[in-house]
K.L.:
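The structure follows.
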Amino acid sequence: MTPSIAIGLAQYSDSHEIADMSRTLIEYGLPWTWRPGRIAREIAAPNKNVVVAKDQDSLVGFGIMEYLDEHAYLVLFAVRASTQRQGVGSAILQWLERSASVAGAERVRVEARRSNVAGRCFYSEHGYHELSIEPRRYSGVEDGVVLQKWLRNSGEA
Ligand SMILES: CC(C)(COP(=O)(O)OP(=O)(O)OC[C@H]1O[C@@H](n2cnc3c(N)ncnc32)[C@H](O)[C@@H]1OP(=O)(O)O)[C@@H](O)C(=O)NCCC(=O)NCCS
């Protein structure tokens with residue numbers, strides 16, 4: 001990852017760009033459900049972190065993590081196409097996993113579209129294993145794959 005890219009918490013002003021990236025990179029071919037207002041509510045939620053990677057002022061990636069009782073749930077995650085395969089996704093994921101570990105989560109769960117080979121490879125590379133197939137999970141038209149990773153040193157700062 002280039003040194004000019006910084007990772008930090010999202011601002012409300014990032015909501016539109018995150019929603020646009022979700023529409024084109026995650027929800028392509030499906031109804032657009034992650035609109036700016038919904039993203040803004042995620043930013044405001046006390047039990048969630050919305051994290052962005054920025055190259056100068058340009059938003060190149062984001063991730064949303066929800067903290068539940070025993071595990072954390074990776075809600076939404078993407079890196080801009082022109083910036084992929086440069087380690088940005090790995091850096092965002094590690095940021096979120098460290099936060100989840102500090103928050104006491106023992107494991108992280110995430111879902112991906114069954115056809116999303118790149119995403120499934122990415123999570124596999126980061127130690128996630130596939131738990132189950134959820135039939136027609138996405139708008140009733142595409143199966144989902146549930147993945148999980150056990151965090152080492154969970155509960156330790
Ligand atoms: C999945 C995604 C977040 C990965 O982000 P990224 O910044 O490109 O990931 P990294 O550069 O950190 O990749 C780390 C490793 O993951 C694996 N990986 C990443 N993209 C891959 C691809 N297209 N095909 C195969 N393996 C891939 C590789 O092992 C890679 O290491 P390498 O580049 O040294 O071979 C990105 O492709 C993306 O935004 N996709 C669209 C949205 C999406 O699928 N979100 C996640 C599911 S909801």
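Order of listing sets the numbers, starting from 1, for every ligand and every atom in it.
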K.L.:
Quick one: which of Tyr28, Phe122, Tyr123 has a heavy atom closest to atom 4 (C) of ligand 1?
P.N.:
Phe122
K.L.:
Side chain or backbone, does Ser90 bring an N or O within less than 3.5 Å of an N or O on ligand 1?
P.N.:
yes
K.L.:
What is the distance from atom CD1 of Ile7 to atom CH2 of Trp95, rounded to the nearest 0.5 Å?
P.N.:
9.0 Å
K.L.:
Run through Leu59, Val79, Val60 and flag the one making a side-chain contact (heavy atoms from CB on, under 4.5 Å) with Met21.
P.N.:
Leu59
K.L.:
Is Glu17 paired with Arg80 through a side-chain N to carboxylate O contact shorter than 4.0 Å?
P.N.:
yes
K.L.:
Quick one: does ligand 1 sit under 4.0 Å from the side chain of Arg85, the backbone, both or neither, non-hydrogen atoms only?
P.N.:
both
K.L.:
Are there protein heavy-atom neighbours of atom 40 (N) of ligand 1 below 4.0 Å?
P.N.:
yes
K.L.:
Gly87 heavy atoms, cut-off 4.0 Å: which ligand 1 atoms fall inside?
P.N.:
10 (P), 11 (O), 12 (O)
K.L.:
To the nearest 0.5 Å, tell me how far Leu30 CG sits from Ser22 OG.
P.N.:
10.0 Å
K.L.:
Only heavy atoms of Cys121, strictly under 4.0 Å: list the atoms of ligand 1 that pass.
P.N.:
25 (C), 26 (N)
K.L.:
For Ala112, is at least one N or O under 3.5 Å away from an N or O on ligand 1?
P.N.:
no
K.L.:
Quick one: look up the protein heavy atom nearest atom 7 (O) of ligand 1 and list residue, atom name and how far away it is.
P.N.:
Gly89 N, 2.7 Å
K.L.:
Under 4.0 Å from a heavy atom of Phe77: which atoms of ligand 1 are those, numbered in the order shown and with their elements?
P.N.:
3 (C), 42 (C), 43 (C), 45 (N), 46 (C)
K.L.:
Which atoms of ligand 1 are found less than 4.0 Å from any heavy atom of Val88?
P.N.:
7 (O)
K.L.:
Quick one: which of Arg80, Gln94, Glu111, Met21 has a heavy atom closest to atom 48 (S) of ligand 1?
P.N.:
Glu111
K.L.:
If you look at every heavy atom in Leu96 and Ile64, which pair is closest and at what distance?
P.N.:
CD1-N, 4.4 Å
K.L.:
Which ligand 1 atoms does Asn116 reach within 4.0 Å, using its non-hydrogen atoms?
P.N.:
43 (C), 44 (O), 47 (C)
K.L.:
Could you check atom 23 (N) of ligand 1 against the protein and tell me its nearest heavy-atom contact, residue, atom and distance included?
P.N.:
Ala118 CB, 3.2 Å
K.L.:
Decide whether Glu27 and Thr33 meet the rule of one side-chain donor and one side-chain acceptor closer than 3.5 Å.
P.N.:
yes
K.L.:
Spell out, as yes or no, whether a donor-acceptor pair under 3.5 Å connects the side chain of Arg120 to the backbone of Arg114.
P.N.:
yes
K.L.:
For atom 36 (C) of ligand 1, which of the options Gln86, Glu27, Gln84 provides the nearest non-hydrogen atom?
P.N.:
Gln84
K.L.:
Give a yes or no on this: more than 12 heavy atoms of other residues, nucleotides or ligands lie within 6.0 Å of atom NE2 of His16.
P.N.:
no
K.L.:
Which residue and atom name correspond to the protein heavy atom nearest atom 5 (O) of ligand 1, and how close is it?
P.N.:
Val79 CG2, 3.7 Å
K.L.:
Tell me whether the count of non-hydrogen atoms from other residues, nucleotides or ligands lying under 6.0 Å of CZ in Arg109 goes above 12.
P.N.:
yes
K.L.:
Would you mind reporting whether Glu142 and Ser115 have side-chain heavy atoms less than 4.5 Å apart?
P.N.:
yes
K.L.:
Got a sec: does the CG of Asp69 have more than 12 other heavy atoms crowding it under 6.0 Å?
P.N.:
no
K.L.:
For atom 15 (C) of ligand 1, what is the nearest protein heavy atom, given as residue, atom name and distance?
P.N.:
Glu125 CG, 4.0 Å
K.L.:
Under 4.0 Å from any heavy atom of Leu25, which atoms of ligand 1 are there?
P.N.:
41 (C), 42 (C)
